[in-house]
Structure formats: C-alpha cells, structure tokens
Amino acid sequence: MADLIEHLESFLGHMSSGSRGDETTPEGVQVAWFPDSPFAGVTTLVTVGLSRRHLAMPNGGALHQELMMHVPKSDYPARAAGLLFQVAGEMVRRGSALQHAQVIGPRGPLFPGSRMTAMVAISPLYLPDAFAVVRVEDSVPVVLTWLVPITAGEAEVVRRDGWEALEQIFVAQDPDLSDPGRPEVALCEPES
C-alpha cells in the first residue's frame with residue numbers, strides 16, 4: 001500500500017492521522033485523514049486497504065477501489081470515517097464495487113443536523129484527473145471514488161434522470177459539495 005499512500009500524499013499533502021475502525025470494519029481496511037486538502041478548512045478522508053480486494057462489476061468485470069470523502073475539518077471527519085467504513089463493509093460483504101453514479105441510500109441523516117441522507121459515487125471532481133486512478137503493487141489499477149453526500153431529492157434526480165442531470169444542476173448552482181450542512185440545491189421538476 002506504500003504506492004497508494006505515496007500517490008495520495010502527492011495530491012493531498014501529508015497524511016495527518018487515520019482510523020482502524022472497529023470490530024465491524026473489514027479486515028485490513030483503514031481510513032487516512034488529509035487536513036486542509038483539497039483546500040483550506042476541508043479534510044479529505046480516504047480508505048486504504050479496500051483495494052486489496054477484487055470487487056465485481058455488473059458487466060462481469062472487476063476492479064480495485066478505494067473510497068474518499070471531503071468534509072469540513074470541524075465536527076465531520078469522525079462521522080465521515082464511519083460512513084466510509086460502513087460502505088466499504090457493504091462492498092466487501094457483497095463482493096462488488098461501486099459503479100459510477102451509483103446512489104447509496106437514502107438512509108436517514110448521514111450527519112447530525114444535515115439534510116444529506118444519501119451518497120453518490122463519482123470521480124473526484126475537486127482534484128486533478130490524474131488523481132482518480134493509481135497503479136499499485138504489480139500495476140493493479142485502483143479507482144478512487146468520491147462519495148458525495150446528497151439529499152433525498154438530489155438522489156431522486158440521479159435515479160430518475162441520471163448523474164448528468166444532477167451534475168448540471170450542481171454546475172449551475174455551485175454548491176459546496178464538501179459541506180454536508182449545505183442546503184439542497186433547487187431541483188427542477190421533470191417535464192411532462
């Protein structure tokens with residue numbers, strides 16, 4: 001995993017700490033913390049060790065994947081680490097990877113006082129394209145997947161109209177996707 005940590009630190013800066021989770025955490029999976037990255041006031045959390053598993057895709061293929069989340073430095077990182085451990089555990093139990101634009105939830109508030117009840121799995125938009133895939137041990141490509149907290153309404157847009165529809169709304173309204181306390185974006189009703 002040295003190659004993975006080296007890759008993460010080359011884009012996110014020095015890893016400040018980490019978490020090993022608890023008895024429900026998949027064996028060998030940890031979460032690394034990178035403060036003030038990708039910008040000041042934000043902590044990026046990344047799983048380390050999930051990519052040791054060959055995870056199935058619906059098309060019959062498979063991939064190696066690590067999960068990440070950006071959250072404000074105060075109050076959110078510990079809860080975000082718990083969410084990453086939870087999703088990693090579900091992936092390991094199912095033996096399957098997350099697909100691009102896959103919605104997880106809604107499951108109730110992800111963070112105390114937050115309207116975010118679901119997450120969508122996408123490429124890391126706040127980082128350079130070169131960050132998204134890293135080759136580790138024996139040139140195995142590892143896909144880094146950003147779990148973005150979203151509201152139930154935003155999750156419904158993805159389910160109904162696809163990720164591109166929500167992405168267009170995000171581009172137009174420019175919400176801070178690293179802030180689980182953000183309000184829901186203004187959603188358009190489907191045309192009848």
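- Between the side chain of Q30 and the backbone N or O of G18 there is no donor-acceptor pair closer than 3.5 Å.
- Taking every heavy atom of both residues into account, M69 and L147 meet most closely at CG-O, 3.6 Å.
- Between H7 and F131, the angle of the ring planes stays under 30°, which puts this pair in the parallel group of the 30/60° scheme.
- A 4.5 Å side-chain heavy-atom check between P38 and F11 finds every atom pair outside the cut-off.
- Once rounded to the nearest 0.5 Å, the distance linking CG of L127 with CG of L12 reads 5.5 Å.
- Here E9 contributes atom CD and S37 contributes atom OG; the two are 10.5 Å apart, rounded to the nearest 0.5 Å.
- Under the 4.5 Å side-chain contact rule for hydrophobic residues, V143 and M91 do not share a cluster.
- A distance below 6.0 Å separates the ring centres of F39 and Y126.
- The main-chain N or O of T117 is never found under 3.5 Å from a side-chain atom of R107 such that the two would form a donor-acceptor pair.
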**Message:** Under the criterion side chain to side chain contact (heavy atoms under 4.5 Å, CB included), I'd like the reasoning laid out for L125 against I122: C-alpha separation, chi angles, the key distance, then a yes or no.
**Reply:** CA-CA 8 Å; L125 302 177; I122 61 171; 3.8 Å; yes
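- A heavy-atom distance below 4.5 Å is found between the side chains of P77 and T43.
- One N or O on the side chain of T25 and one on the backbone of D22 form a donor-acceptor pair closer than 3.5 Å.
- V48 places none of its side-chain heavy atoms less than 4.5 Å from the side chain of V29.
- In this structure, W146 and S123 have side chains that are not in contact, with every pair of non-hydrogen atoms separated by 4.5 Å or more.
- One hydrophobic cluster, built from ILVMFWY side chains closer than 4.5 Å, cannot hold both L98 and M57; they sit in different ones.
- Between P109 and R79 the shortest heavy-atom distance is O-NH2, 4.1 Å.
- Scanning all heavy atoms of the two residues, the minimum distance from S178 to P72 falls at O-CD, 2.9 Å.
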**Request:** Tell me, with the steps shown, if D36 and V42 meet side chain to side chain contact (heavy atoms under 4.5 Å, CB included).
**Result:** CA-CA 5 Å; D36 291 315; V42 170; over 6 Å; no
**Request:** Evaluate side chain to side chain contact (heavy atoms under 4.5 Å, CB included) for L83 paired with L67, printing each intermediate quantity in order.
**Result:** CA-CA 10 Å; L83 291 169; L67 307 175; over 6 Å; no
**Asked** Yes or no on salt bridge (Lys or Arg N to Asp or Glu O under 4.0 Å) for R135 and E6, after CA distance, side-chain angles and deciding distance?
**Response** CA-CA 11 Å; R135 294 201 176 274; E6 191 174 296; over 6 Å; no
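- Residues R182 and M116 have side chains in contact (heavy-atom distance under 4.5 Å, counting atoms from C-beta outward).
- Judged purely by atom type and a 3.5 angstrom limit, S51 has no side-chain atom pairing as donor or acceptor with the backbone of V142.
- Note that CD of E90 and CZ of F85 are 14.0 Å apart. Values are rounded to the nearest 0.5 Å.
- Proximity of T47 to V87: side-chain heavy atoms (C-beta onward) are nowhere separated by under 4.5 Å.
- None of Q65, Q102, Q99, E66 except one satisfies the side chain to side chain donor-acceptor pair (under 3.5 Å) rule with T145; the exception is Q65.
- Remark: E27 CD is loosely packed, at most 12 non-hydrogen atoms of other residues, nucleotides or ligands lying under 6.0 Å away.
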**Message:** Would M119 and I150 count as a side chain to side chain contact (heavy atoms under 4.5 Å, CB included) here? Give the steps.
**Reply:** CA-CA 5 Å; M119 293 175 280; I150 57 176; 5.7 Å; no
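- A distance of 8.5 Å separates CG in L110 from CD in Q86, rounded to the nearest 0.5 Å.
- Taking all atoms of both residues into account, the shortest heavy-atom contact from W33 to A81 is CZ2-CB, 4.3 Å.
- A distance of 7.5 Å separates CG in L166 from CG in L187, rounded to the nearest 0.5 Å.
- Cluster annotation: L144 and L63 are assigned to distinct hydrophobic clusters (Ile/Leu/Val/Met/Phe/Trp/Tyr, side-chain heavy-atom contacts under 4.5 Å, transitive).
- The shortest heavy-atom contact between F34 and G13 is CD2-O, 3.3 Å.
- L55 and V31 end up in the same hydrophobic cluster when Ile, Leu, Val, Met, Phe, Trp and Tyr side chains are linked at under 4.5 Å.
- Closest approach of F111 and P180 over heavy atoms only: CD1-CB, 3.4 Å.
- Put simply, the side chain of V136 does not reach to within 4.5 Å of the side chain of H64, judged on heavy atoms.
- In this structure, T44 OG1 and K73 NZ are separated by 11.5 Å, a value rounded to the nearest 0.5 Å.
- Side chain of T151 to backbone of E154: a donor-acceptor contact under 3.5 angstrom is found.
- For the pair R159 and V103, the minimum side-chain heavy-atom distance is below 4.5 Å.
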